[in-house]
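Take a look at the structure below.
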Amino acid sequence: MNTSCYVVRSNAIAARALGDETMVMSATNSTLFTLNEVATTIWEAADGVTPLDEIITNKICAQYEVEQDAALKDAQALIEELAVHGLVLVSDAPIAKAGRASKASA
């Protein structure tokens with residue numbers, strides 16, 4: 001995954017914020033995931049139009065004491081894992097809301 005990827009939350013999920021964490025359930029197989037505070041920040045910022053590296057710079061590095069390279073590497077691993085489970089869609093171009101499923105690729 002390159003640093004100029006775009007991420008959007010899937011429509012096939014149910015999510016609920018619980019304090020600083022987020023519980024996400026896959027609608028396809030009812031698997032439940034718990035996102036910690038940092039992962040929740042990335043999850044909430046995953047709008048399909050903001051590049052992942054910008055989310056890391058403006059949200060993660062601005063809020064937490066972490067180096068850009070380390071944060072980006074961890075975020076890429078998180079996004080890859082979420083994509084494998086169908087919780088997010090990933091693309092190398094911005095993902096339009098109306099057509100995000102047809103334009104995204106994991």
Side-chain angles (χ1 to χ4, degrees):
M1 181 181 302
N2 63 39
T3 59
S4 61
C5 72
Y6 297 82
V7 181
V8 69
R9 296 176 299 276
S10 171
N11 288 329
I13 56 99
R16 173 85 57 204
L18 299 169
D20 292 336
E21 297 183 336
T22 299
M23 301 296 292
V24 182
M25 185 178 76
S26 168
T28 58
N29 63 12
S30 298
T31 305
L32 190 62
F33 300 85
T34 303
L35 304 180
N36 67 19
E37 183 178 353
V38 175
T40 293
T41 300
I42 295 168
W43 174 263
E44 291 173 350
D47 61 6
V49 295
T50 307
L52 182 59
D53 57 344
E54 189 175 311
I55 292 170
I56 297 308
T57 300
N58 296 337
K59 300 282 186 180
I60 302 304
C61 293
Q63 293 179 29
Y64 306 96
E65 290 185 29
V66 61
E67 291 183 19
Q68 172 79 17
D69 291 341
L72 186 56
K73 182 179 177 184
D74 290 346
Q76 289 170 330
L78 169 70
I79 294 305
E80 287 173 4
E81 183 68 20
L82 295 177
V84 164
H85 293 285
L87 303 179
V88 297
L89 304 172
V90 181
S91 177
D92 59 357
I95 304 166
K97 279 215 181 241
R100 62 182 170 189
S102 63
K103 291 186 178 183
S105 61

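When reading the values below, keep in mind they use all heavy atoms of this one structure, side chains included, and skip hydrogens, waters and symmetry mates. Predicted model, so just to flag it, every value in this text is computed and none were measured.
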Closest non-hydrogen atoms of Ile60 and Ala71, given as atom of the first, atom of the second and distance, are CG2-CB, 4.1 Å
Which atoms form the tightest heavy-atom contact between Ala12 and Ser10, and what is the distance?
N-OG, 2.9 Å
Closer than 3.5 angstrom, by distance alone: can the side chain of Arg9 be matched with the main-chain N or O of Asp47 as a donor-acceptor pair?
no
Mind checking the CG-CD spacing from Asp53 to Gln68? Nearest 0.5 Å is all I need.
7.0 Å
Share the residues that join Val49 in a hydrophobic cluster, the rule being Ile, Leu, Val, Met, Phe, Trp or Tyr side chains under 4.5 Å apart at the heavy-atom level.
none
Please name the pair of heavy atoms, one in Ala62 and one in Asn58, separated by the smallest distance, quoted to 0.1 Å.
CB-O, 3.3 Å
Approximate separation, where rounding is to 0.5 Å, of Leu87 CG and Phe33 CZ
5.0 Å
Atom pair CH2/CG of Trp43 and Leu78 - distance to nearest 0.5 Å:
9.5 Å
Give every donor-acceptor pair under 3.5 Å between a side-chain atom in residues 22-30 and any protein atom, sequence neighbours left out.
unit_1: Thr22; atom_1: OG1; unit_2: Thr40; atom_2: OG1; d: 3.1
unit_1: Ser26; atom_1: OG; unit_2: Thr28; atom_2: N; d: 3.3
unit_1: Ser26; atom_1: OG; unit_2: Thr28; atom_2: OG1; d: 2.8
unit_1: Ser26; atom_1: OG; unit_2: Asn29; atom_2: OD1; d: 3.3
unit_1: Asn29; atom_1: OD1; unit_2: Thr31; atom_2: N; d: 3.0
unit_1: Asn29; atom_1: OD1; unit_2: Thr31; atom_2: OG1; d: 2.7
unit_1: Asn29; atom_1: ND2; unit_2: Thr31; atom_2: OG1; d: 3.3

Rounded distance (nearest 0.5 Å) linking atom SG of Cys5 with atom CD of Glu80:
8.5 Å
Determine the sole option in Thr57, Leu52, Ile55 for which the side chain to side chain contact (heavy atoms under 4.5 Å, CB included) test with Leu72 is passed.
Leu52
Rounded distance [0.5 Å steps], CG in Asp74 versus CD1 in Ile56
8.5 Å
About how many Å separate OH of Tyr64 and CD of Glu37, when rounded to the nearest 0.5 Å?
3.5 Å
